[in-house]
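Take a look at the structure below.
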Amino acid sequence: KWRLGCALLALFVLVCGARLWLVDFCGASVPFWDQWDAEGDALFAPLLQGHLPLSRLFEPHMEHRIVLTRLLALGLFELDGMWDPRLEMVVNAGIAAGTAAIVAGLLLREIGRRWWRPVACVVAILWALPYAWDNTTWGFQAQFYFLLLFSFLTIWGLCYGRPYTIAWWTGAASAILSCLTMASGFLAPLAVLLVLAAAVVLERKTWRMHLPGFVLCLLCVAVSVPLMVTVSKHADMHAAGLHYFLLSFIKDLSWPAYHTPVAFLVFLFPMFFMARALVRRPSQRPRPRWFLLCLAGCVAMQASAFAYGRGRLGDAAVSRYQDVLAIGPLVSFVALLLESGSMRRRVWYACLAAWFVFMLPELVRNSVFDFRKVLPHQYHCAAEQARRCRAYVETRDLEVLRHTADRMEIPYPHPERLARLLDNPQIRSILLFVPGQEDKAAWPTQVAKGLLRASRWIFLLGLLGLI
């Protein structure tokens with residue numbers, strides 16, 4: 001147990017260090033895109049004016065009701081006294097690292113601690129690589145990390161677990177919280193709902209055990225679905241037809257092997273094997289099998305939501321959605337470990353080899369592209385955004401925001417609107433990049449700066465600990 005605990009602690013440190021390193025390299029010091037409206041104009045300015053209504057927390061942001069993200073932003077603002085996007089990124093890195101350790105620990109609890117080495121290594125790779133750099137280098141993305149954390153805890157606590165235990169209450173609270181993360185937060189309770197229904201069909205005598213969780217998840221889904229919002233200006237991002245939806249869906253399920261869409265068959269094969277085993281022998285190892293099937297089902301539903309909402313012409317999910325999609329290959333890998341004694345030896349080795357063949361080369365290729373192209377561009381844009389915003393505050397010259405070689409060189413799509421936001425006295429008074437305000441921040445910003453300076457050493461410490 002102590003070795004496993006040390007491994008999970010090292011995993012936390014490694015993932016946190018990797019993400020802090022990325023933030024230190026190319027995390028922008030100015031708010032970005034709709035963060036200006038969602039945080040600055042909708043939360044902080046009314047708060048400073050003394051009239052922030054409670055209902056503002058529950059108002060939709062695009063298709064989502066990001067209640068937890070808003071609460072986190074307000075909490076950090078109250079602690080720090082200034083609007084520091086890099087502080088938000090540091091906190092997000094901690095949430096992501098904590099989620100990685102929790103996911104690894106609970107997966108090992110289900111399949112056995114003897115697999116701690118491969119599980120810890122795969123989780124470390126999936127959480128440390130910068131394929132989802134968009135979430136890491138944008139402070140206004142905590143909703144994705146909350147979605148991952150509470151969806152996982154919902155499924156772990158409610159899927160085939162005895163009611164009213166500590167684990168069950170953890171899952172119940174997480175089911176409610178997951179609905180306050182994003183529009184697709186209710187998909188974790190929905191996945192549990194479907195799995196419990198299937199479990200009762202296969203083992204009717206278990207219906208009393210599953211009834212409380214079933215009712216709770218049904219209530220979460222029933223409340224969330226009517227509150228969903230349709231954004232008309234995003235209609236052109238939706239899948240243009242069934243063909244494009246299926247193409248995007250298959251690509252998302254095949255992550256990271258977007259260019260080899262048949263990869264999803266390799267990742268789903270262990271799920272089909274477990275489902276067949278449950279149909280044949282529903283009482284044999286039901287808990288871990290239902291748990292992993294529920295996780296896989298939740299990822300599949302998330303992928304379908306991404307494909308419908310952003311699939312347009314069969315496009316694969318962009319960077320910010322890939323933290324969620326990465327759970328799919330992880331569940332497939334863990335399922336292979338669980339079924340190592342049930343599959344024929346040759347079949348098991350073939351599946352494991354296929355998993356690595358489709359997974360590792362694509363991760364390497366994507367990472368090389370990110371390190372060579374994407375992240376240097378993000379570094380340039382982050383520096384240019386800060387320079388142009390600072391220049392406008394000093395000169396009030398709108399041309400500084402208008403004339404750009406790249407639209408990402410300013411942190412908002414419309415220069416005129418960005419100028420009005422920068423001219424707002426409440427917003428301007430809390431921006432750290434404004435001359436003369438760099439030292440107004442309290443201790444949270446100072447701690448964040450220290451962690452960013454030490455990010456490389458934090459990463460190396462975690463790596464050595466895991467080794």
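Computed from a predicted model, the values in this text were never measured in an experiment. Positions are given from 1 along the sequence.
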Tell me whether [X] contacts the main-chain N or O of [Y] through its side chain, where contact means a donor paired with an acceptor under 3.5 Å.
X: Ser332; Y: Phe267; answer: yes
X: Gln141; Y: Arg320; answer: no
X: Thr154; Y: Ala175; answer: yes
X: Lys251; Y: Ala317; answer: no
X: Ser304; Y: Met301; answer: yes

Can you label the angle between the [X] ring and the [Y] ring as parallel, tilted or perpendicular, going by 30° and 60°?
X: Phe249; Y: Phe245; answer: parallel
X: Phe152; Y: Phe291; answer: perpendicular
X: Phe146; Y: Phe150; answer: parallel

Discussion item. Testing Tyr258, Trp255, Phe371 one by one against Tyr131 for a ring-ring contact (aromatic ring centres under 6.0 Å, His included), which residue passes?
Written reply: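 So, applying the ring-ring contact (aromatic ring centres under 6.0 Å, His included) to Tyr131 and each of Tyr258, Trp255, Phe371, only Trp255 qualifies.
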Worksheet item: When Trp36 is tested against each of Phe140, Trp83, Phe44 for ring-ring contact (aromatic ring centres under 6.0 Å, His included), which residue passes?
Response: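 Going through the options one by one, the only one that passes is Trp83.
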Practice prompt. Quickly, which of His380, His403, Gln385 forms a side chain to side chain donor-acceptor pair (under 3.5 Å) with Glu409? Name it, please.
Written response: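 With Glu409 as partner, His380, His403, Gln385 yield a single side chain to side chain donor-acceptor pair (under 3.5 Å), made by His380.
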Any side-chain heavy atom of [X] within less than 4.5 Å of one from [Y]?
X: Phe32; Y: Met408; result: yes
X: Tyr160; Y: Arg289; result: no
X: Val91; Y: Ile95; result: yes
X: Glu339; Y: Pro270; result: no

Of all heavy-atom pairs between [X] and [Y], which one has the smallest distance, and what is that distance?
X: Ala300; Y: Leu253; value: CA-CD2, 3.9 Å
X: Gln35; Y: Pro85; value: NE2-CB, 4.4 Å
X: Arg86; Y: Gly27; value: NH1-O, 2.5 Å
X: Ala303; Y: Leu325; value: CB-CD2, 4.0 Å
X: Leu87; Y: Ala448; value: CD1-CB, 3.9 Å
X: Ala93; Y: Leu20; value: CB-CD2, 4.0 Å

Worksheet item: More than 12 non-hydrogen atoms from neighbouring residues, nucleotides or ligands closer than 6.0 Å to CZ on Arg345, yes or no?
Response: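 Yes - once you tally the heavy atoms of other residues, nucleotides and ligands closer than 6.0 Å, there are more than 12.
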Worksheet item: Is the CZ atom of Arg109 crowded by more than 12 outside heavy atoms at less than 6.0 Å?
Response: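 Not more than 12 within 6.0 Å, no.
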Practice prompt. Quick one: list whatever passes side-chain contact (heavy atoms from CB on, under 4.5 Å) with Arg312, sequence neighbours left out.
Written response: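 Applying side-chain contact (heavy atoms from CB on, under 4.5 Å) to Arg312 gives Asp315.
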Worksheet item: Is Arg56 close enough and on-axis enough to Phe58, meaning under 6.0 Å and within 45°, for cation-pi?
Response: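 Judged by the rule (NZ or CZ under 6.0 Å from the ring centre, within 45° of its axis), Arg56 is not positioned above Phe58.
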Practice prompt. Answer yes or no on whether Arg113 is positioned over the face of Trp116, meaning its NZ or CZ is under 6.0 Å from the six-membered ring centre and within 45° of the axis.
Written response: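 So Arg113 doesn't make the cation-pi contact.
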Discussion item. Between Arg420 and Glu416, is the salt bridge (charged side-chain N to carboxylate O under 4.0 Å, His left out) condition met? List the steps.
Written reply: CA-CA 6 Å; Arg420 288 196 298 272; Glu416 294 78 10; over 6 Å; no
Practice prompt. Check step by step if side chain to side chain contact (heavy atoms under 4.5 Å, CB included) holds for Leu147 and Ser184.
Written response: CA-CA 8 Å; Leu147 176 70; Ser184 60; 4.1 Å; yes
Item to complete: Look at Asp323 together with Arg19 and state whether they make a salt bridge at an N to O cut-off of under 4.0 Å.
Response: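 Result for this pair is yes, salt bridge flagged.
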Worksheet item: Under 3.5 Å, is there a donor-acceptor pair between the His234 and Glu63 side chains?
Response: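 Short answer, yes.
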Item to complete: Kindly indicate, with the supporting measurements, whether the criterion salt bridge (charged side-chain N to carboxylate O under 4.0 Å, His left out) is fulfilled by Glu59 and Arg65.
Response: CA-CA 6 Å; Glu59 290 179 356; Arg65 297 184 189 273; over 6 Å; no
Item to complete: Quick one: which residue pairs count as a ring-ring contact (aromatic ring centres under 6.0 Å, His included) with a foot in residues 308-340, not counting sequence neighbours?
Response: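 For residues 308-340, and leaving out neighbouring residues, the ring-ring contact (aromatic ring centres under 6.0 Å, His included) pairs sorted by first residue read Phe144-Tyr321, His238-Tyr308, Phe306-Tyr321, Phe333-Trp355.
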Worksheet item: Are Asp34 and Arg417 close enough, and set up right, to give a salt bridge (charged side-chain N to carboxylate O under 4.0 Å, His left out), and what steps lead you there?
Response: CA-CA 11 Å; Asp34 46 352; Arg417 170 64 175 162; over 6 Å; no
